[in-house]
Asks: 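Once you've had a glance at the structure underneath, I'll fire off some questions.
Every value quoted in this text rests on a predicted model; they were computed, and no experiment measured them. Chain A is the first sequence line, chain B the second, and so forth, proteins listed ahead of strands; every chain is numbered from 1.
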Number of protein chains: 2
Amino acid sequence: MVRDGARPGEHKYVAVRAYLADLVTTELAVGDAIPSERSLTEKFGVSRMTVRQAIDALVTEGVLERAQGRGTFVAPPRADFEMRLTTFGEEARRRGLTPGATVLRCEQLPAPAVVAEALDRETGTPVHHVVRLRTADGNPMSVEESWIPVDLAPDLLDDGVPDSLYAALRERDLDPTWGEEVITAADATPEELEALQMQGSRAVMRTARRTFGGDAAVMYSRACYRGDRYSVFVPLREARPTLVPRARPSDGDAGRPVQPSAPPGRIPEGSPR
Amino acid sequence: MVRDGARPGEHKYVAVRAYLADLVTTELAVGDAIPSERSLTEKFGVSRMTVRQAIDALVTEGVLERAQGRGTFVAPPRADFEMRLTTFGEEARRRGLTPGATVLRCEQLPAPAVVAEALDRETGTPVHHVVRLRTADGNPMSVEESWIPVDLAPDLLDDGVPDSLYAALRERDLDPTWGEEVITAADATPEELEALQMQGSRAVMRTARRTFGGDAAVMYSRACYRGDRYSVFVPLREARPTLVPRARPSDGDAGRPVQPSAPPGRIPEGSPR
DNA sequence: CAGGAAGAGTGGTCTAGACCTCATGATGTG
DNA sequence: CACATCATGAGGTCTAGACCACTCTTCCTG
């Protein structure tokens, strides 16, 4: 149970937020009303603005919905309106499958131009290189190739290839925080057909992903999935016009790191604006 | 130019927000600081909480960034952390290509089971059915098939197939607000190979999309893109744990429409949590 | 019994301050 | 000259109210 008062040093709205979050996960169901703002005001001995700040945060997260004149309610779980930086293993487990991996290659080499560019490094920078066959319940699902700059995690592969590269990065304070992925469809190469034990169909889905921790690219990876066994679900938000800042006055840089360019390869055609 | 005062009936924070939005698009560049909160307080003759409400909105939208002790700045354009509900035409134009469409079929028929399920209707419900070949700068890019319940827009195709089905829906107050899409890779059928004038490669990317306006499904569509000319860019957010409301106490419904189920077809493997 | 009015309760907006932490640059001081 | 200190000003949190708009229920009236 969450204590009603704020711990010393903890902001009051954080305490209210925590209380509401706990309420939502343990007591309330979708559609239920939370206590009114004024009653929370009394319960916590804070002003209404503070209560609203806590509720605002949860509304922004999509956990709660306000309805003027009626109250504030637990929002229905939205299909999750964002793609997430998940790994093959996490995805498989989430679907009740047992993930597996067979290491096909594991080496350290100078980064090829394409890889170096994706990692924002110089060509030839030493990188770890791992190629794995990924399976779900023992069935081959994809061939996955990853590159990670050696200087970020020199001992990454000292104890063999870790089950999860993301987890290994997190242990080294290189938490993956965001990424970008390009998806294409293509014919499998003979090697891929062989590795994935594909019969009949030849189409595969290829992905190229850049993973970032903070402002730096920490990993570049490509995967090749069986077209007949893999699909991607993408929730789509309304295409609202976005506010675009004025162009740079003359030239000069922006004074901060600039948006990384699109991943190498063909110009993306689908999606964002 | 935006007036400094609020128009009668307009909320004050809306006026401040509009002023800042205008400032960002016409005067400031990425990294520039906006006026301090206290100076905006004087400029608009409002309290600081009101100014903060306006700034909060823009921060939530990703337009501005706060930095305690330093100021509030124009945020770098985020790679756009969401896929958007865009159409082939909008996407093509955004990339400087000229979109085109050839209508291959246009008819009204009873909804097949799969289509009906995707639209949350009974099998056999009358639907408009349109099949179009989509081109960019004259080059065939995809074959697109759409189904729309007739009762939502009886006169949709009376004047021929509109250039944009989404625009036609908007005109009828059926604004598409969100959607969900499943992407797969597959071998093209002989008909598709022919229509798309594909040579050499046979792989295509298939998409199945449900488009929703409000709570109702307004359109189901499938597309088949040339694998060698089309790719999808997907920005990925960190996989944070999400707040999950308590399960329904006993049974009964949630008192509001429930999250629509996943689109028909194979179980999605990639993406959201 | 039907319809409308009133009241209570909810979130929405807003004020005019307060004190806090943090970043930065100017000012001294060793 | 290098470093510590301090003043300034930025955003962060918080108060104790106020009035408005909206929804719903209850109760009164025709």
Asks: Give me, pair by pair, the N or O atoms of the protein and of nucleotides 5-11 of chain D that are less than 3.5 Å apart, along with how far apart they are.
Replies:
residue, atom, partner, partner atom, Å
D:dG9, N2, B:Gly69, O, 3.3
D:dG11, OP1, B:Thr72, OG1, 3.2
D:dG11, OP2, B:Glu37, N, 2.9
D:dG11, N7, B:Arg38, NH1, 2.9
D:dG11, O6, B:Arg38, NH2, 3.0

Asks: What is the 5' to 3' range of DNA chain C, first to last nucleotide, that sits under 4.0 Å from any heavy atom of chain B?
Replies: C:dT13 to C:dT24
Asks: Could you give the CG-to-P distance, from A:Asp56 to D:dG12, as a whole number of Å?
Replies: 15 Å
Asks: Side chain to side chain contact (heavy atoms under 4.5 Å, CB included) with B:Thr50: which residues, sequence neighbours excluded?
Replies: B:Lys12, B:Tyr13, B:Val46, B:Ser47
Asks: So A:Trp178 and A:Phe212, would you call those rings parallel, tilted or perpendicular, with 30° and 60° as cut-offs?
Replies: parallel
Asks: Indicate yes or no for a side-chain donor-acceptor contact from B:His128 to the backbone of B:Ser146 under 3.5 Å, with no hydrogens or angles considered.
Replies: no
Asks: Does the side chain of B:Thr211 pick up a donor-acceptor pair with the side chain of B:Tyr166 at under 3.5 Å?
Replies: yes
Asks: Do the charged groups of A:Glu37 and A:Arg66 touch, with an N to O distance under 4.0 Å?
Replies: yes
Asks: Which heavy atom in A:Gly213 sits nearest to a heavy atom in A:Thr177, and how many Å separate them?
Replies: CA-OG1, 3.8 Å
Asks: Kindly say whether A:Ala29 contributes a backbone atom to a donor-acceptor pair with the side chain of A:Asp32 at under 3.5 angstrom?
Replies: yes
Asks: Using whole Å, what does the distance between atom C1' of nucleotide D:dC19 and atom NZ of B:Lys12 come to?
Replies: 12 Å
Asks: Which whole-number value in Å describes the distance from A:Met49 CE to D:dA18 C1'?
Replies: 13 Å
Asks: Quick one: pull up OG1 in A:Thr87 and CZ in A:Arg209 and give me the separation to the nearest 0.5 Å.
Replies: 8.0 Å
